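Just so it is clear, the model here is predicted, and its values are computed rather than measured.
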Amino acid sequence: MSEALSVEVPAAPTQRPASMMMRPERLAAIQPSRISITRALMNRMMRERWDISTERFDVDAAGAGTVIYSIKAPAQEFSFIAFSHPPSRKARTGRIIGRAWDMMGTLNEGPASNADIEEARRELPKLYRGRATANALVWCRSNRSMRVFDETLAALASGRQPSIDDLADVCYLMRNTGLDGNGTFGTRSFPSLGPDHALGGPLQAQLLTAYLMREYSCDLVEHLAQLQSENAVRLDPAIRRYLGVGNGSALGLIFYVHRHPWMIHSWIEAREQAIALARSLKPAGNDPRIDRLMALLSRAIVFRRQDRMVYETFSSSDEVADGLEKIVQALSQWKETGKVAGAEPHFPLNAIAVHLEGAIPPEAIETYFSLLIELVPDEADRLSALIGGDDELSVTAGETVGSLSDLIQAQYQWALNTDMSVPEARRYIWYKSETAEEPRRGAREEVPEAIDLGLDLCGGVQELLRDLKSHDADLSVARFLMRHPAHRHLVARIQSLRDLAFHTPAANINSEDFTPIDLVRLMNVGIHGIDKTRDFLGRNLRGVLFHGAPTPDEIRAGGEHFWAYPAEPSQ
Amino acid sequence: MIKETAEMLRVMPREMRMMTERVLSLTSLPKGFVLAETDLVMYSQKLGLGGFALLERRFDAFRHADTASFTILSESAGSLRLDAAGQHAWWVIPTLLDLLGELCSRTERPTIAVENCFDPAELAVALALAARRGLAVEFADNTPPVLAATARPVSGSVVDDDPILRDLHENGTEIDAALWWRIYHLAQKALTPDSVVSRRHAGPLIVTEDGTVIGRKDNDDETDISFLVAPAPEHTREGAKS
């Protein structure tokens with residue numbers, strides 16, 4: 001054997017295992033990235049130079065009126081029809097049980113016809129009793145952040161810009177209080193949109209609607225200021241870009257995670273594959289990609305240092321910024337010496353992650369991974385386009401009981417190992433209220449009449465395996481289910497997902513130990529791409545969508561640039 | 001596209017599945033069965049069979065449904081007789097498709113005769129649901145009814161393999177509006193009545209009995225605290241300006 005062949009070449013980094021990634025606390029640490037739906041959608045809108053324009057802005061000084069936007073993608077046109085209402089403080093809350101909304105709207109396919117507008121005007125206020133037109137994609141509602149909206153309005157009306165100190169405490173003028181689509185209220189069914197539809201990817205229609213809420217909020221405050229004063233000024237474009245749209249999310253997303261295992265798997269897999277590709281890069285110290293990475297890290301550090309939010313259970317932004325600075329130091333040291341932690345690494349970007357894992361907050365490591373994805377943009381966008389799936393389960397009837405038992409023992413050890421005999425394991429019940437169908441989670445004894453809507457994976461898998469073991473291993477699943485119909489859903493789920501790695505968080509959601517906010521955070525921060533997500537009571541998140549996103553003028557101008565992690569505009 | 005009229009509604013799969021799941025959760029059917037079989041009523045509706053009207057009509061009987069009571073009376077050379085124990089055709093269909101799928105792996109054209117089944121014409125729903133499972137099913141509405149199956153190739157994409165589901169996603173299905181709203185209100189019974197205690201089970205803040213606010217203190221969303229502690233109204237189901 002030659003000397004050259006005897007040198008051991010380390011294997012390239014691969015995607016992280018499901019046993020690590022599917023732990024709730026790791027899912028909660030995932031940070032926004034190019035794979036997040038808001039960022040992927042906005043980047044595509046910029047590349048394709050979508051044209052968003054205001055067709056009608058007919059709102060009176062009290063805030064009542066009608067607004068129409070036109071959204072032109074390269075091969076498709078959409079319209080956003082919004083109805084503005086004067087704010088009411090009665091029955092107002094960020095929860096979906098609220099009954100006061102400052103804006104209700106619909107995102108439709110095609111230009112807005114008079115019939116569409118009048119139908120929406122009549123049906124939207126009925127909400128659960130309303131019916132959408134056949135071209136409706138999403139119905140939405142939003143509320144003003146009263147203090148910030150009013151302060152901004154007063155400033156603009158008096159001819160000055162709003163105070164950044166005031167804006168930065170919230171970072172939005174209006175909050176999303178509901179996005180309903182995919183068949184709800186008769187809206188279009190998303191599986192029918194298909195891959196060639198401009199909004200055919202998961203969550204794209206909802207998140208375009210959220211972006212339009214942001215534009216609407218800025219247009220509304222400018223419009224009302226102009227109605228108040230001839231001396232009114234428009235928002236500085238830098239401030240307008242800095243403002244996102246608020247978002248509150250909570251327990252309903254745990255239901256979403258369990259009902260969309262293909263989507264969850266494909267999104268996590270796309271991100272993990274992109275990260276693995278980036279960790280496998282072997283750049284030289286003077287590679288321009290390293291300069292870009294360091295610039296992005298610096299941008300993220302400034303963003304975190306300027307973050308004024310207070311988090312209850314997550315790492316503070318200063319702690320995250322400290323961690324990111326350690327990454328920058330390690331990168332700088334490698335550029336200077338070629339070494340990471342005293343060794344010359346084959347894969348330096350990977351070596352830095354390995355070196356700092358556990359030494360800095362997980363949010364900092366995941367921010368680093370998110371920024372690494374920017375070094376492989378084409379591959380990341382290709383992987384991003386693959387996200388989705390039917391999310392339909394079916395039974396494989398010919399499989400044997402023995403084979404299914406083996407599958408469960410191979411893939412669900414985490415569930416089998418969960419102690420379901422202690423009272424704490426079943427302390428909570430998941431249900432929906434009659435009022436606005438709000439997802440709720442409470443101690444079982446407090447709502448004895450509630451029907452349990454949660455997916456009890458741990459208890460269900462343990463009972464299923466026990467029953468499987470009570471039959472001959474050669475028995476078919478068909479005949480097993482004839483005797484045990486209660487296991488039908490779980491059997492279909494386990495069989496249908498057998499080839500996927502990242503479909504189900506390893507969590508007993510009924511347990512005292514489970515923190516719902518972890519999975520809400522996976523959805524909001526990682527998948528949606530929401531920044532500054534403040535947590536409340538371990539179950540609610542409030543954050544900022546499209547924080548720093550380009551304005552319609554910038555989208556129309558085309559090109560693509562990194563817009564996330566906006567710095568506070570200077571005043 | 002189906003045109004809406006004043007009397008008919010175009011309803012979509014998500015809504016039909018949700019209403020079915022909720023209504024069936026009020027019956028004796030086990031949760032694990034209900035979650036797996038929310039398409040039965042929707043397909044029946046789409047195929048012009050009993051659909052949601054039948055669900056409404058049979059609801060009281062479904063309170064005593066027993067899906068674990070079926071027995072195989074005889075079996076030989078790909079021919080099987082199943083006793084449905086007087087259960088409704090919808091609840092037998094999953095077992096029929098399972099058994100036909102299993103038998104198809106070792107027999108060319110298995111058949112199952114279904115005895116003692118209620119509303120047997122509804123067994124025709126099995127023909128549509130079989131597509132995504134890689135089965136082509138024929139149905140002879142004899143006494144007893146007989147289903148025969150052959151294997152058919154599938155692409156792996158349920159929407160592509162199942163033309164009825166694709167049509168449902170694209171066009172929904174028509175339903176009498178009054179019937180739909182009756183189903184909607186029946187389904188609402190599966191939800192939990194609102195109460196001050198229950199309101200504490202969600203949201204960024206909790207108002208305790210003594211008025212103390214736990215959780216989000218800045219009240220940046222201008223929550224009307226009185227709204228959270230008010231007694232539940234008589235009728236709150238719409239939760240909207242209706």
What part of B:Met16 gets within 4.5 angstrom of chain A, counting heavy atoms only: side chain, backbone, both, or neither?
neither
Quick one: what part of B:Leu165 sits under 4.5 Å from any heavy atom of chain A, side chain, backbone, both or neither?
side chain
What's the separation between atom OG in A:Ser192 and atom CG in B:Asn171, rounded to the nearest 0.5 Å?
8.5 Å
Which region of A:Asp452, side chain (C-beta onward) or backbone (N, CA, C, O), has a non-hydrogen atom less than 4.5 Å from a non-hydrogen atom of chain B, or is it both or neither?
both
Do B:Arg133 and A:Val395 pass the side-chain contact (heavy atoms from CB on, under 4.5 Å) test, and can you show the C-alpha distance, the side-chain angles, and the key distance before you say yes or no?
CA-CA 8 Å; B:Arg133 310 210 18 190; A:Val395 168; 4.1 Å; yes
Going from CD on B:Glu15 to CZ on A:Phe185, what distance comes out if it is rounded to the nearest 0.5 angstrom?
8.5 Å
Any idea which of A:Gly246, A:Pro191, A:Ala492, A:Gly460 has the most non-hydrogen atom pairs under 4.5 angstrom with chain B?
A:Pro191
Most contact-rich option vs chain A, by heavy-atom pairs under 4.5 angstrom, among B:Gly101, B:Pro13, B:Ala190, B:Pro94, is B:Pro94
What option among A:Gly442, A:Gly398, A:Pro516 has the most heavy-atom pairs under 4.5 Å with chain B?
A:Gly442
Looking only at heavy atoms, what is the nearest atom pair of B:Gly156 and A:Asp390, with distance?
O-OD2, 4.2 Å
How long is the straight-line distance from CG of B:Leu9 back to CZ of A:Arg131, given to the nearest 0.5 Å?
5.5 Å
How many angstroms lie between atom CG of B:Leu129 and atom OG of A:Ser394, to the nearest 0.5 angstrom?
11.0 Å
Considering all heavy atoms of both residues, which atom of A:Thr187 and which atom of B:Met12 are nearest to each other, and what is their separation?
O-CG, 3.4 Å
Between A:Ala250 and chain B, which part of the residue has a heavy atom less than 4.5 Å away: side chain, backbone, both or neither?
neither
Between A:Thr396 and chain B, which part of the residue has a heavy atom less than 4.5 Å away: side chain, backbone, both or neither?
neither
Minimum heavy-atom distance B:Ala68-A:Arg483, with the two atoms named
CB-O, 4.1 Å
Proximal component of A:Ala450, with respect to chain B [non-hydrogen, under 4.5 Å]:
both
Under 4.5 Å, counting heavy-atom pairs only, tell me which of A:Gly389, A:Gly130, A:Ala478 racks up the most with chain B.
A:Ala478
Between B:Arg166 and A:Glu392, is there a salt bridge with N-O shorter than 4.0 Å?
no
Which of the residues B:Pro193, B:Gly134, B:Ser105 is involved in the greatest number of heavy-atom pairs with chain A at under 4.5 angstrom?
B:Pro193
Please look at B:Ile72 and chain A and tell me whether the side chain, the backbone, both or neither of the residue comes under 4.5 angstrom of a heavy atom of that chain.
both
Among residues two or more places apart or on two chains, list those pairs meeting salt bridge (Lys or Arg N to Asp or Glu O under 4.0 Å) that have a residue in residues 18-38 of chain B.
A:Arg259-B:Glu21, A:Glu437-B:Arg22, A:Arg488-B:Glu37
To the nearest 0.5 Å, what is the distance between CZ (A:Arg129) and CH2 (B:Trp181)?
5.0 Å
What are the two closest heavy atoms between A:Pro485 and B:Pro30, and how far apart are they?
C-CG, 4.5 Å
Can you check side-chain contact (heavy atoms from CB on, under 4.5 Å) on B:Leu35 and A:Arg493, steps first, answer last?
CA-CA 10 Å; B:Leu35 287 175; A:Arg493 183 181 175 94; over 6 Å; no
Any idea which heavy atoms bring A:Tyr431 and B:Ser198 closest together, and the distance?
OH-OG, 2.9 Å
Side-chain heavy-atom pair B:Asp194, A:Arg440 within 4.5 angstrom cut-off
yes
How far apart are the C-alpha atoms of B:Asp98 and A:Arg479, what are their side-chain angles, what is the distance that settles it, and do they pass the side-chain contact (heavy atoms from CB on, under 4.5 Å) test?
CA-CA 8 Å; B:Asp98 285 349; A:Arg479 290 165 205 252; over 6 Å; no
From B:His201 atom NE2 to A:Leu537 atom CG, the distance as rounded to the nearest 0.5 Å:
12.0 Å
So what's closer than 4.5 Å to chain A heavy atoms on B:Val197: side chain, backbone, both or neither?
side chain
Looking at A:Glu445, I want to see if its CD is surrounded by more than 12 non-hydrogen atoms of other residues, nucleotides or ligands under 6.0 Å.
yes
If we count only N and O atoms by modelled type, under 3.5 Å, do the side chains of A:Thr184 and B:Arg14 hold a donor and an acceptor together?
yes
Closest heavy-atom contact between B:Ser25 and A:Ile451?
OG-CD1, 3.8 Å
